[in-house]
Amino acid sequence: MTRVYFDHNATTRLDEKALAAMLPYLRERYGNASSRHGSGTLARKAVNQAREQVAALVGAQPAQVIFTSGGTESNNAFIKGAAGMMKPGQVVVSAIEHPCVAKPAQELARAGWKPRRLAVGRDGRIDPADVAQALKDPTGMVSVMLANNETGVIQDVAAVAEQARAARAWMHTDAVQALGKIEVDFNALNVHAMTLSAHKIHGPKGAGALVLDKRIELKPLLSGGGHEQGLRSGTENVPGIVGFGVACELAGQRLREVAPRLAAMRDTFERGLSGMGAIVFGAEAPRVPNTSYFAFPGIEGETLVIELDKAGFELASGAACSSTSTEPSATLLAMGVAPEFARGAVRLSLGRDNQPEQVEDFLKVLSATVARLRRLTAIAV
Ligand code: PLP
């Protein structure tokens, strides 16, 4: 059975070109980028080239790119690192942040900070009036994700950044799920810091970056040899960084072609869904082109995902990162979705390898699977 992968918001296949660029740094070019000899210089040059490639994709300066082990580390590095430089105040995050933003923000309460969550509406977007209300209290930092990992809904980060700046707060965005799907421009977003991850854009796992306004000082998470401008000690993951750089370059070259193709497939899928009695979450809001988050009332998302997997289609239920838990998605609950509908949530996230025929085939399988599960549920009742 050929399997079809529809879970690109969880992770993506490593691009062959990224792999080819990485291999020499896993074999003969094994130098430490901090060493002064020829091997070290080769590694240093490769890291710096990748820094240019990452910076170019987001319109930043290479010196603003701090390499990390991925999105989780970058988000923690900003939130904890910023808190380490300021007097405790309010830390404002949206109610739908990934746990690697939500949890560090929450944990700052122990250090005297006041965590505050910005509510989202039924469409999955935050309301600028709520931001203004929150910022009436003295605020040290604000973090709002650019695109949500479950719904794909895009926030007006530039507008929030303007409000945050007016309140003299530092503004961060987690752009992990937006990169490679829409244009991401560090300066246009007007943020002080931005999180990126390689494995969501066909790069390797375990590489990412924090893009940082040079006027911002962070307390490093890791102390040691002072790598990455003193912000991230530890011998650089040269192969991972090289792969990340190439993945960024490819993402930039392909965005104009890939985004409309994915949007067309997603729209075909959702037209098919509408005839089956499904709900689509966040469909009224601007979304990244590859994501569709839906539910069939009365059918558990987990059950549907297992049945679809047996039929050769790989999707996620709820948030992929917490798919071991059966709690309904916190993002959907924040959007005011009733828990019984939220439990039905299934996410389709397309990638550049997917083809329209796969979506057509999937719609047939989905329709048959849903009909079968409905019959079983009817018997059970
Ligand atoms: N932020 C968002 C929005 C994500 O979707 C993810 C991964 O699922 C992360 C951060 C974490 O990134 P990483 O897997 O590179 O740690």
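Just the heavy atoms: all of them, side chains too, but no hydrogens, waters or symmetry mates, feed the values below. Quick caveat, the model's predicted, so the values are computed rather than measured. Counting from 1, the numbers follow the sequence of the chain as shown. Whatever order the structure lists them in is the order used to number ligands and atoms, beginning at 1.
Side chains of Asn75 and Lys103: no donor on one and acceptor on the other come within 3.5 Å. When only modelled atom types and interatomic distance are considered, His8 and Ser349 share no side-chain donor-acceptor pair under 3.5 Å. Remark: the Glu307 side chain and the Thr369 side chain contain no N/O donor-acceptor pair separated by less than 3.5 Å.
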Kindly indicate, with the supporting measurements, whether the criterion salt bridge (Lys or Arg N to Asp or Glu O under 4.0 Å) is fulfilled by Asp213 and Arg215. CA-CA 5 Å; Asp213 183 323; Arg215 286 162 295 189; 3.0 Å; yes

Can you list the steps and then say if Glu228 with Arg51 is a salt bridge (Lys or Arg N to Asp or Glu O under 4.0 Å)? CA-CA 11 Å; Glu228 295 297 298; Arg51 206 182 300 284; 2.8 Å; yes

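Val246 and Met22 sit in two unconnected hydrophobic clusters of ILVMFWY residues. Membership requires side-chain heavy atoms under 4.5 Å apart, directly or through other members.
The distance from ligand 1 to the heavy atoms of Met145 drops below 4.0 Å at these ligand atoms: 3 (C). Proximity to Asn149 (heavy-atom distance under 4.0 Å) selects the following atoms of ligand 1: 3 (C), 5 (O). Atoms of ligand 1 found under 4.0 Å from any heavy atom of Thr72, numbered from 1 in the order shown, are 11 (C), 12 (O), 13 (P), 16 (O). For ligand 1 and Gly71, the ligand atoms under 4.0 Å from any heavy atom of the residue are 12 (O), 13 (P), 15 (O), 16 (O). Close contacts between ligand 1 and Ser197 involve ligand atoms 13 (P), 15 (O) [criterion: under 4.0 Å to a heavy atom]. Which parts of ligand 1 touch Gly70 is read off a 4.0 Å heavy-atom cut-off, strictly below it: atoms 15 (O).
Using a 4.0 Å cut-off between heavy atoms, His199 contacts ligand 1 through its side chain alone, with no backbone atom that close. The side chain of Lys200, and not its backbone, has at least one atom closer than 4.0 Å to an atom of ligand 1 (non-hydrogen atoms only; side chain from C-beta on). Counting heavy atoms closer than 4.0 Å to ligand 1, residue Cys100 contributes side-chain atoms (C-beta onward) but none from N, CA, C or O.
Nearest heavy atom pair, residue Pro204 against residue Leu14, reads N-CD1, 3.5 Å.
Among the atoms of Gln177, some N or O lies under 3.5 angstrom from an N or O of ligand 1.
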